[in-house]
Amino acid sequence: MPPARTLLHTPTYGLSLLVNLHDEEMGFPLSTPTGSTGSTPTSSSTKKQTEQNKAVDMSFTIEERGKPNTLDYRVFFRNTEGKHVSPFHDIPIYADEAQNIFHAVVEVPRWTNAKMEIATKDPLNPLKQDIKKGNLRYVANVFPHKGYIWNYGAIPQTWEDPGHKDADTGCCGDNDPIDICDIGYKVCSRGEVIKVKVLGTLALIDEGETDWKVIVINMEDPEANNFNNIDDVRRLKPGYLEATFEWFKKYKVPDGKPENQFAFNGEFKDRDFALKTVKETHEFWKSLISKKTNAGELNCTNTCVTDSPFCCSTTDAKAVVDAVSSFHLFGLSY
């Protein structure tokens with residue numbers, strides 16, 4: 001079997017434009033290649049990994065398997081050592097813990113419609129397109145917007161515990177990593193790992209489950225220093241929060257579902273509240289990865305959390321990736 005096409009995040013160039021070739025073909029804008037950094041410390045324990053306080057730049061590689069817009073399409077991740085890693089479990093939550101700067105994995109670039117997500121039930125948790133009733137899922141355009149109105153993704157090493165009833169929302173978690181909406185100017189690439197600053201959060205109640213939407217800004221944004229709390233978004237990007245609320249309220253209506261509901265009457269909570277929420281979901285994840293909480297159908301296979309009972313060898317991780325079909329483009333294998 002020919003090798004899968006491999007594309008590299010680097011501090012200078014980010015992802016190759018080939019990553020978004022499919023988006024261009026579908027009428028979606030290409031993003032300009034820019035930097036992507038992250039921090040994956042080599043640790044001997046979960047405590048060292050999750051409590052480390054360093055800001056270390058690191059490049060990531062994405063490895064595409066299968067063909068975009070098909071059921072078997074997957075996006076796997078590697079770290080700088082070439083080791084396959086889980087974007088759910090292995091990429092550290094913190095880019096700089098002292099400054100409350102987090103990593104975020106971009107699942108859906110701004111202005112695109114394909115509902116890509118971390119495959120929480122698959123080994124190594126690659127990105128894949130969501131499926132509803134056997135069909136690939138594309139989010140409808142919510143007038144006057146095209147696709148997602150932010151770079152949409154998740155903070156690694158977090159988990160919204162479905163067994164925990166939130167005291168504020170009165171609902172349990174949705175069993176996923178916590179979601180982010182990056183409001184920066186840059187259109188990111190699928191699978192890009194970025195450093196973000198938390199500004200606030202919106203508490204969506206999705207079919208009876210708590211589904212936090214954390215508002216963040218990419219630290220590479222030239223205006224990032226001007227954004228420190230949710231009120232800065234209202235002041236510097238007027239209308240953006242209102243559009244965000246309306247988008248989440250209505251985005252399922254074209255699929256025949258009712259409008260979504262919100263806790264706090266749809267009020268955006270501030271930075272401190274959002275930080276508390278993110279860190280709480282990190283604690284839930286630590287219980288999950290150490291098997292103190294029942295994982296259920298979630299797959300916790302990882303390669304870097306060395307004291308986790310789910311940690312696997314590099315060889316086993318490679319076998320997981322090799323079992324998925326290679327990428328084909330215009331009849332050629334990469």
Side-chain angles (χ1 to χ4, degrees), residues 1-9 15-28 30-31 60-79 82-91 105-109 112-140 147-148 151-154 156 175-177 179 188-193 255 295-303 310 312-334:
M1 180 181 294
R5 182 180 64 167
T6 299
L7 301 171
L8 178 66
H9 286 294
L15 282 175
S16 162
L17 279 174
L18 283 173
V19 171
N20 279 340
L21 177 59
H22 145 64
D23 285 345
E24 184 181 50
E25 291 169 348
M26 298 296 290
F28 303 151
L30 286 172
S31 62
F60 290 93
T61 302
I62 67 163
E63 185 173 324
E64 295 180 282
R65 294 274 172 160
K67 184 179 179 181
N69 295 309
T70 65
L71 296 175
D72 63 350
Y73 178 60
R74 300 290 186 273
V75 180
F76 289 92
F77 291 73
R78 291 178 186 259
N79 63 15
K83 180 188 294 187
H84 287 103
V85 296
S86 161
F88 186 2
H89 305 300
D90 290 318
I91 297 175
V105 178
V106 176
E107 299 165 313
V108 187
T112 65
N113 299 71
K115 181 67 172 70
M116 301 295 297
E117 61 185 14
I118 292 173
T120 58
K121 299 176 182 179
D122 293 0
L124 294 181
N125 315 116
L127 301 188
K128 72 175 184 180
Q129 192 164 349
D130 190 22
I131 301 170
K132 291 294 183 183
K133 298 181 179 178
N135 297 314
L136 294 171
R137 184 178 172 195
Y138 295 88
V139 170
Y148 285 72
N151 297 303
Y152 188 75
N175 207 29
D176 285 326
D179 298 322
C188 292
S189 300
R190 178 183 297 159
E192 189 166 353
V193 180
D255 297 327
E297 295 183 344
L298 296 181
N299 195 299
C300 296
T301 301
N302 66 85
T303 60
F310 302 104
C312 73
S313 68
T314 301
T315 301
D316 288 343
K318 184 177 184 299
V320 168
V321 179
D322 289 344
V324 181
S325 62
S326 61
F327 182 84
H328 293 270
L329 182 64
F330 306 131
L332 300 175
S333 297
Y334 288 76

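Everything quoted here is computed from the prediction, not taken from an experiment. One is the number of the first residue; the rest follow in order along the sequence.
Shortest non-hydrogen contact noted between E107 and A154 is OE1-N, 4.1 Å. Taking each heavy atom of Y73 and K67 in turn, the nearest pair found is CB-O, 3.1 Å. Nearest heavy atoms, S189 versus P109: C-CG, 4.0 Å. The two residues T120 and P177 make their nearest non-hydrogen contact at CG2-CD, 3.8 Å.
Between R78 and D90, none of the side-chain N atoms (NZ, or NE/NH1/NH2) sits under 4.0 Å from a carboxylate O, so this pair counts as no salt bridge. With salt bridges taken as basic N to acidic carboxylate O contacts below 4.0 Å, none links K115 and D130. The pair K132-D255 does not meet the salt-bridge criterion, since no charged nitrogen lies less than 4.0 angstrom from a carboxylate oxygen.
A distance of 11.5 Å separates CZ of F88 from OG1 of T301, quoted to the nearest 0.5 Å. Put simply, CE on M116 and OH on Y152 are 14.0 Å apart, with the number rounded to the nearest 0.5 Å. The line from CG of L136 to CG of N113 is 13.0 Å long, rounded to the nearest 0.5 Å. A distance of 5.0 Å separates CG in L71 from CD1 in I131, rounded to the nearest 0.5 Å.
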- Message: Evaluate C312 against T303 for side chain to side chain contact (heavy atoms under 4.5 Å, CB included), listing each step before the verdict.
- Response: CA-CA 5 Å; C312 73; T303 60; 3.8 Å; yes
- Task: Start with the C-alpha gap between R190 and L127, add the side-chain angles, then the distance that decides, and say whether side chain to side chain contact (heavy atoms under 4.5 Å, CB included) holds.
- Result: CA-CA 9 Å; R190 178 183 297 159; L127 301 188; 4.0 Å; yes
- Task: Could you walk me through whether N299 and N125 pass side chain to side chain contact (heavy atoms under 4.5 Å, CB included), step by step?
- Result: CA-CA 7 Å; N299 195 299; N125 315 116; 4.3 Å; yes
- Task: Mind running side chain to side chain contact (heavy atoms under 4.5 Å, CB included) on I62 and F77 for me, showing each step along the way?
- Result: CA-CA 5 Å; I62 67 163; F77 291 73; 4.1 Å; yes
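Contact check for H84 versus T61: no side-chain heavy atoms found under the 4.5 Å cut-off.
Proximity of a side-chain donor or acceptor of N302 to a complementary backbone N or O of C300 within less than 3.5 Å is detected. Put simply, the side chain of Q129 gets close to the backbone of R137: a donor and an acceptor are under 3.5 Å apart.
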